[in-house]
Amino acid sequence: MTTPTAATIAAFVNAHADALNRFFRSSGVPYADAQDLAQATLETLLGETPATIANPRAFLIGIARKKLLQFRTRTRTSEEFRSSQVQHAV
């Protein structure tokens with residue numbers, strides 16, 4: 001089992017970062033949050049053992065989808081909380 005080199009990691013990140021950002025932005029995620037989600041997705045992938053990943057791109061998209069669902073759940077929950085704190089006019 002070989003550990004990826006810094007050059008290999010940089011090439012992979014450069015090849016996929018824009019696609020991840022487009023994926024998150026096209027899903028309605030604000031720009032700054034899309035950047036954060038793309039970074040978190042790449043960090044998760046790089047934390048895996050390379051030998052166990054048969055198709056890195058498919059694995060990356062799977063991670064991205066899960067990060068998007070977690071983001072939507074987190075933001076929906078906080079929006080619901082904020083809306084419950086608003087005083088409604090009677």
Side-chain angles (χ1 to χ4, degrees):
M1 177 170 71
T2 61
T3 304
T5 64
T8 303
I9 292 170
F12 186 83
V13 169
N14 289 334
H16 298 288
D18 287 339
L20 283 172
N21 284 320
R22 281 192 307 273
F23 169 75
F24 290 121
R25 292 287 294 143
S26 69
S27 299
V29 176
Y31 179 79
D33 292 326
Q35 295 283 319
D36 292 342
L37 289 170
Q39 180 178 348
T41 300
L42 289 165
E43 287 174 354
T44 301
L45 177 71
L46 294 174
E48 295 293 324
T49 306
T52 62
I53 302 171
N55 184 345
R57 180 157 175 88
F59 195 75
L60 186 69
I61 297 302
I63 296 168
R65 289 181 65 223
K66 185 154 190 151
K67 295 288 183 187
L68 178 61
L69 291 173
Q70 290 170 344
F71 173 79
R72 285 187 175 156
T73 301
R74 189 174 58 244
T75 55
R76 183 180 62 229
T77 303
S78 63
E79 287 170 2
E80 289 171 357
F81 174 75
R82 282 192 299 264
S83 68
S84 69
Q85 300 301 312
V86 174
Q87 296 293 329
H88 297 285
V90 181

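Worth knowing before you read on, the calculation uses all heavy atoms, side chains too, and leaves out hydrogens, waters and symmetry mates.
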Check: Considering all heavy atoms of both residues, which atom of Phe24 and which atom of Ala38 are nearest to each other, and what is their separation?
Finding: CE1-N, 3.5 Å

Next item on the list: Look at the side-chain heavy atoms of Ile, Leu, Val, Met, Phe, Trp and Tyr, link any pair under 4.5 Å apart, and say whether Ile61 and Leu46 land in one connected group.
Entry: no

Note to self: Under 3.5 Å, is there a donor on one side chain and an acceptor on the other for Thr8 and Thr5?
What the structure shows: yes

Next item on the list: Check the side chains of Gln39 and Gln35 for a donor-acceptor pair under 3.5 angstrom, ignoring hydrogens and angles.
Entry: no

Notebook entry, point to check: So which heavy atom on Leu37 is nearest to which on Lys67, and how close?
Noted result: CD2-O, 3.9 Å

Check: Which heavy-atom pair separates Pro56 from Leu45 by the least distance, and what is that distance?
Finding: O-CD1, 4.5 Å

Next item on the list: Find the distance between CZ (Phe59) and OG1 (Thr44) and round it off to the nearest 0.5 Å.
Entry: 9.0 Å

Check: Looking only at heavy atoms, what is the nearest atom pair of Arg72 and Ser27, with distance?
Finding: NH2-O, 2.8 Å

Check: Rounded to the nearest 0.5 Å, what separation is found between the CZ atom of Phe12 and the CG atom of Leu60?
Finding: 5.0 Å

Checklist line | Minimum heavy-atom distance Ala34-Arg25, with the two atoms named | finding: CB-CD, 3.7 Å

Next item on the list: To the nearest 0.5 angstrom, please state how far the CG atom of Leu68 sits from the CG atom of Leu20.
Entry: 11.5 Å

Checklist line | Distance, nearest 0.5 Å, that separates CZ of Phe71 from CG of Asp36 | finding: 9.0 Å

Margin query: Nearest 0.5 Å, please: how far is CG in Asn14 from CD1 in Ile9?
Written below: 12.0 Å

